[in-house]
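Read the structure below first, then the notes.
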Amino acid sequence: MAAMKPVGPVLVQGATAPSENEGDLSLKQEEIARRGHYFMALQREVEDRIERKLYRQGKILGGVYVGRGQEAICVGAGLVSEQEDWLYPCHRDLGLYLVRGVTPREIFAQYMGRVGGLTRGREGNMHMGDLKRRIVAIISAMAASVPVATGTAMALKFQRSRNIVFNIFGDGATSRGDWHEGLNLASVQKAPVVFICNNNQYAYSTPLEKQMACEHVADRAVGYGMPGEIVDGNDVMAVYRAVKRAADRARAGEGPSLVECKTFRMTGHSAHDGGDYVPDHLWTEWGEKCPIVRIERVMLERGWTTREELEQVHARIKREADEAIEWAENSPYPDASTLTEDVYEGSR
Amino acid sequence: MAAMKPVGPVLVQGATAPSENEGDLSLKQEEIARRGHYFMALQREVEDRIERKLYRQGKILGGVYVGRGQEAICVGAGLVSEQEDWLYPCHRDLGLYLVRGVTPREIFAQYMGRVGGLTRGREGNMHMGDLKRRIVAIISAMAASVPVATGTAMALKFQRSRNIVFNIFGDGATSRGDWHEGLNLASVQKAPVVFICNNNQYAYSTPLEKQMACEHVADRAVGYGMPGEIVDGNDVMAVYRAVKRAADRARAGEGPSLVECKTFRMTGHSAHDGGDYVPDHLWTEWGEKCPIVRIERVMLERGWTTREELEQVHARIKREADEAIEWAENSPYPDASTLTEDVYEGSR
Amino acid sequence: MAEITYLEAIRQGIWEEMERDSKVFCLGEDIGVYGGAFKITKGMLERFGEERIVDTPIAESAIVGAAIGASFAGMRPVAEMQFSDFITCAFDQIVNFAAKTRYRWNAPAPLVVRAPSGGGIHGGPYHSQNPEAWFVRTPGLKVVEPATAYDAKGLIKSAIRDNDPVIFFEHKKLYRAIKGEVPEGDYTVPLGKARLHREGKHIAVITYGAMVHVAAEAAEVLDREGVSLEILDLRTLLPLDEEAILASVKKCSRVLVFHEDTLTGGVGGEISARISEKAFEWLDAPVVRLAAPDTPVPFSPPLEEAFLPNAAKVIEKARWLAGY
Amino acid sequence: MAEITYLEAIRQGIWEEMERDSKVFCLGEDIGVYGGAFKITKGMLERFGEERIVDTPIAESAIVGAAIGASFAGMRPVAEMQFSDFITCAFDQIVNFAAKTRYRWNAPAPLVVRAPSGGGIHGGPYHSQNPEAWFVRTPGLKVVEPATAYDAKGLIKSAIRDNDPVIFFEHKKLYRAIKGEVPEGDYTVPLGKARLHREGKHIAVITYGAMVHVAAEAAEVLDREGVSLEILDLRTLLPLDEEAILASVKKCSRVLVFHEDTLTGGVGGEISARISEKAFEWLDAPVVRLAAPDTPVPFSPPLEEAFLPNAAKVIEKARWLAGY
Ligand SMILES: Cc1ncc(C[n+]2csc(CCOP(=O)(O)OP(=O)(O)O)c2C)c(N)n1
Ligand SMILES: Cc1ncc(C[n+]2csc(CCOP(=O)(O)OP(=O)(O)O)c2C)c(N)n1
Ligand SMILES: [Mg+2]
Ligand SMILES: [Mg+2]
């Protein structure tokens, strides 16, 4: 037997401060920070409104899942993506929609089941997509998007497109068969897709050690012969860099990668879950790592912004949210007569 | 982020000659060799009769899959198993049945759809099991047995049994979602199961590199935090030792392991497939590694047997097969009136 | 006798079975510390420990597969699907492994797969489905769906004790909405037997699950119009209690087959076909079906409301039948 | 016009579509060098290359998932299940992803899942099933099963061009057993339209797939007894061609609904229910169903023979209907 050289995971330490030597990045450091900050803050505000206001007011029915504390992951990945790349977000990745240009108006309307939402009321909460904007909606079954994202990537490769696919999922999702089948097919096909795991250490109430017996999600990359990278998921700059490397690889025809972003879910599983099963010290520990506060600190330290400017950003976002909610509340409910439309092409 | 210590795969070189220093093995070397040889030769003979005689004579209908050239894997694993352990063989693991005491009579009758087979004619070929003998039948879907084997192992653990589960599958099966879900659950639960892959380098017509992008199936163990071991699958002694280590681990409550046995399928996928897609040199190369010839050579070299004795073994096996076929041909077909029996308990 | 919810009744039933028989154990996602998404297993971890209340990874196929394997080794697994919508992820294990193993090689798989199903909770396409028809089409399975708290407890016990694989649908809408008198101790409700929920004269409504209560609501209104509905609660969908169905049909001669699941390919087709075949001469009108329209379950309130069957729709169909 | 097999007709259909439209591609297990387990894709790798004839790992869920994802990106995937028995491994992707994506967010998934189905080849429980009813129960899917070579080619072409997900069942027994005149060039057979396989007067046999030929065999015998069978070949099972069904029913007033799949929960229930509901007044006898008994498909020849519907069983049911 020949000796074995396992491929990956390649370890990268998350760094709060970006290193100097990154001239090859397509966005300038400052711009990444600025845009990253804006979209993270916007996601936070929109989700706070949804979870802490509209849901409690009974204006949003059904399940509500937010990405509080882990916004750096979807936003960092989103900033890497080009406008024609395909996005496969999961249920805590609102920032990915925002980066792509989906508006808070559309999002509030979606949550409230109005026609102004992305799904005209057919779907709720984060089950939203838009083919024109190349955002594919999840179905509820965790990891079902993984083979689907792979298929889109295979098509892009066949079409000799420079575009690639970004697929985000949780740590718990990696237990599912579809996850395995998808990563395996992608790696055999060298499909141009970046798999991004937001490892927030819980799947609903289930902690990581009941979900998997390996230490890192990235360990699993070995079994697919693809690079696995671990990154600090609360550092938007670090996420950007790691995803950028994986994206460059995909665009260069070198196939998929798995980027594991370590983070924490600063909320219960959904709006109706207080997360009582989470030990207190985790809330405290991770509360201090808030990705928004962290990037603000970096921006201030580096002189990229001022306190006043940051306050203006937050104020603008609040106004945006107010205005968007008003718009969404004025968006009508779908008419019951549309119920049976579009089960098939042209059906009514 | 803490630095990562990936667990396994642990590499073990397959060795044709057993090393001296193995006093901890429960069976003596010579006995392993002798029994291993017998069961491998018996599997070969029974399968030759099935594939090259009975099938061609039209006495066996439907699919026929044999383990030619890879008998050392199921036989080596079988020799490790204790009588009360549970066996989950796959479609090329006839030797595992033989070691457990299933008779050639029953096997021929099974293939011919007679009541004397293990499934009374309800099932064909290797889709056979016997709860009393703790052999669980596969369903066709590759890897479906993996979570099922895991469940049996969880039950044994709960029951504080010393018994464990042996689950064999092919390289191709490791691409399936069930395989992933099963290994993952087993590792989280520390279920006492030994996962054994017969990596014969093909899944039907599909070569390994179209099935997976990692080099070894054992690489996949990393993602489950379980030991992965690679062994020469054409060396029954080596298989025995590797599986024994994994079995001891399972019995000691240390959880599952993955043992990858490198081998080659010295036949088409099934009796109707000539395997034209296999490059000639592979047939030659692997033909020379025949596990039966190899163990005979070891036995002769070590003075554990003589040419005459070996010939007697083969002759006895031939007689056994003749007699068993006759018996099976005299076993009746099931009566059509039994068709609707036992869909449910007591149903007819 | 205490009045308890449908949810509590199921919980009690499982709890008592676990006390009674140490081979019974539960496995599923978030059923331990959290007590399950709907709190069916609340308190069980403390009482029975980690080995009998097994929190699993998100892996429905492995959950059902492991239940099968454990059942071979003498256990009595009760597997929870967090929502019945995810049962499709375990489909092969259920319909190909569990359902066929007794027939194939005499290896029974006595397990229960519990699956909270049904709409009306603003769950949208993936938290509202009624997937029973897929399983009713699969010989070797039993399919159960209780409508009352009493039956919920009695049926879950029978399901656990049954020697064949049982798919046990629990209507989420009923969990907390329905209460009933439920004996605290041991009793069972047999599988395969329907229950006359309401006696009537003119129209036999053959239904199950949450729709039993919708039919009852309609019956009150129709009574005032002189139209008397008989309501048969099937309770078990596979095997169907053909005897009870035919008895109601022959008595009323007008039939409404009614379910919340979508129309085409729903269980209603099977029931209607059996009625036509075996009670043709007794029918005074076509066997009419009422079901949700053939669409996914939409999220937005006006759409979901239009989608779900309700009393008004029952009344409309019943009037038509009465006037036929 | 050449006489070709059902198998060759499907192969030609796919081939021509791949020539016509570079967005069409195939994926599945062993479809490349090997040409597929049944040789449907034989020669295609050489003609179209590895990127359009994609050999996949053993991963049905990923095969269908990838087909969905590719269809979003403008492709026209044709996914092969090696046997329809393995379609259960892709169940969630089919019924929850593909079937619902247009309705949910206006994202059509124009793909074809091809699945060789049916018994009579000594395949036993896992190489003989007829799983169509699972999909007929799922709004958003189309379900097709041709009975003749002509239709096989015309329908596979329509399926590939259709803008919704189509599950395309191919009866294995027909692959080489059935031949027919098939035009070499382009033509299509519309989805959703049944075909009158044989005109008759007394009994309408509503059937599809291999059973069309079994019914025809019975019809020959019954003709001699003065009983004239009309045979309607449904071709598409979802959506059902209700118009054609009702036309035959109204013409004959006696109906046999007939399929190879097992009885309970089979497509026959849906068809029978629709007939009862919409042609009640035209019926002179109960709508009778003929199907396989409710068991897995057994392996041993005497069992499989007893399991499968055949002409003798059709004749028995038809005689009963004629005498009613
Ligand atoms: C197949 C499947 N089973 C169960 C569920 C119910 N469920 C919804 S989210 C969730 C936890 C997901 O955990 P993870 O993937 O880590 O994502 P996170 O919510 O932590 O972001 C579960 C169990 C589901 N959505 N899909
Ligand atoms: C889920 C599933 N898909 C397809 C098949 C058809 N099939 C039967 S055996 C086989 C190849 C199996 O390869 P491997 O697991 O390597 O086992 P080997 O035959 O090489 O021993 C395939 C594709 C199957 N049995 N199950
Ligand atoms: Mg998580
Ligand atoms: Mg193999």
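Residue numbers start from 1 in every chain, and the chains themselves are labelled A, B, ... in the order their sequence lines are given, proteins ahead of strands. Please read all numbers here as calculations on a predicted model, not as lab measurements.
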Query raised in the report: So, for Phe97(D) and Val136(A), which heavy atoms are closest and what is the spacing to 0.1 Å?
Result: CZ-CG1, 4.4 Å
Requested in this report: Return the minimal non-hydrogen interatomic distance between Asp92(D) and Ala141(A), and the atom names on each side.
Outcome: OD2-CB, 3.4 Å
Query raised in the report: Can you tell me if NZ on Lys39(D) sees more than 12 non-hydrogen neighbours from other groups inside 6.0 Å?
Result: yes
Requested in this report: Taking atom CD of Glu51(D) as the centre, report whether more than 12 heavy atoms of other residues, nucleotides or ligands fall under 6.0 Å from it.
Outcome: yes
Can you say whether [X] sits under 4.5 Å from chain D via the side chain, the backbone, both, or neither, judging by heavy atoms?
{"X": "Gln189(A)", "value": "side chain"}
{"X": "Leu339(A)", "value": "both"}
{"X": "His127(A)", "value": "both"}

Supply the atom-to-atom distance [X] [atom1] to [Y] [atom2], rounded to the nearest 0.5 angstrom.
{"X": "Asn163(D)", "Y": "Tyr344(A)", "atom1": "CG", "atom2": "OH", "value": "13.5 Å"}
{"X": "Asn106(D)", "Y": "Lys132(A)", "atom1": "CG", "atom2": "NZ", "value": "7.0 Å"}
{"X": "Arg102(D)", "Y": "Ser347(A)", "atom1": "CZ", "atom2": "OG", "value": "7.5 Å"}

Taking side chain as C-beta onward, heavy atoms only, is [X] less than 4.5 Å from [Y]?
{"X": "Thr119(A)", "Y": "Arg104(D)", "value": "no"}
{"X": "Pro108(D)", "Y": "Leu131(A)", "value": "yes"}
{"X": "Leu185(A)", "Y": "Ile63(D)", "value": "no"}

Quick one: what part of [X] sits under 4.5 Å from any heavy atom of chain A, side chain, backbone, both or neither?
{"X": "Val54(D)", "value": "side chain"}
{"X": "Ser71(D)", "value": "neither"}
{"X": "Asn96(D)", "value": "both"}
{"X": "Lys142(D)", "value": "both"}
{"X": "Leu238(D)", "value": "side chain"}
{"X": "Glu60(D)", "value": "backbone"}
{"X": "Gln93(D)", "value": "side chain"}

Report summary line: Assert top hit (heavy-atom pairs under 4.5 Å, partner chain D, pool Ser145(A), Pro147(A), Ala144(A)) equals Pro147(A)
Report summary line: Highest number of heavy-atom pairs under 4.5 Å with chain D among Gly121(A), Gly182(A), Ala137(A) belongs to Ala137(A)
Report task. Please list, chain by chain and in numerical order, all residues satisfying ring-ring contact (aromatic ring centres under 6.0 Å, His included) with Phe72(D), sequence neighbours excluded. Result -> Trp105(D)
Query - Residues in residues 148-170 of chain A near chain D [non-hydrogen atoms, under 4.5 Å] - result: Val148(A), Gly151(A), Thr152(A), Met154(A), Ala155(A), Lys157(A), Phe158(A), Gln159(A), Arg160(A)
**Report entry** Best-contacting candidate, Ile68(D), Leu27(D), Leu141(D), Val64(D), against chain A by heavy atom pairs under 4.5 angstrom
**Finding:** Leu141(D)
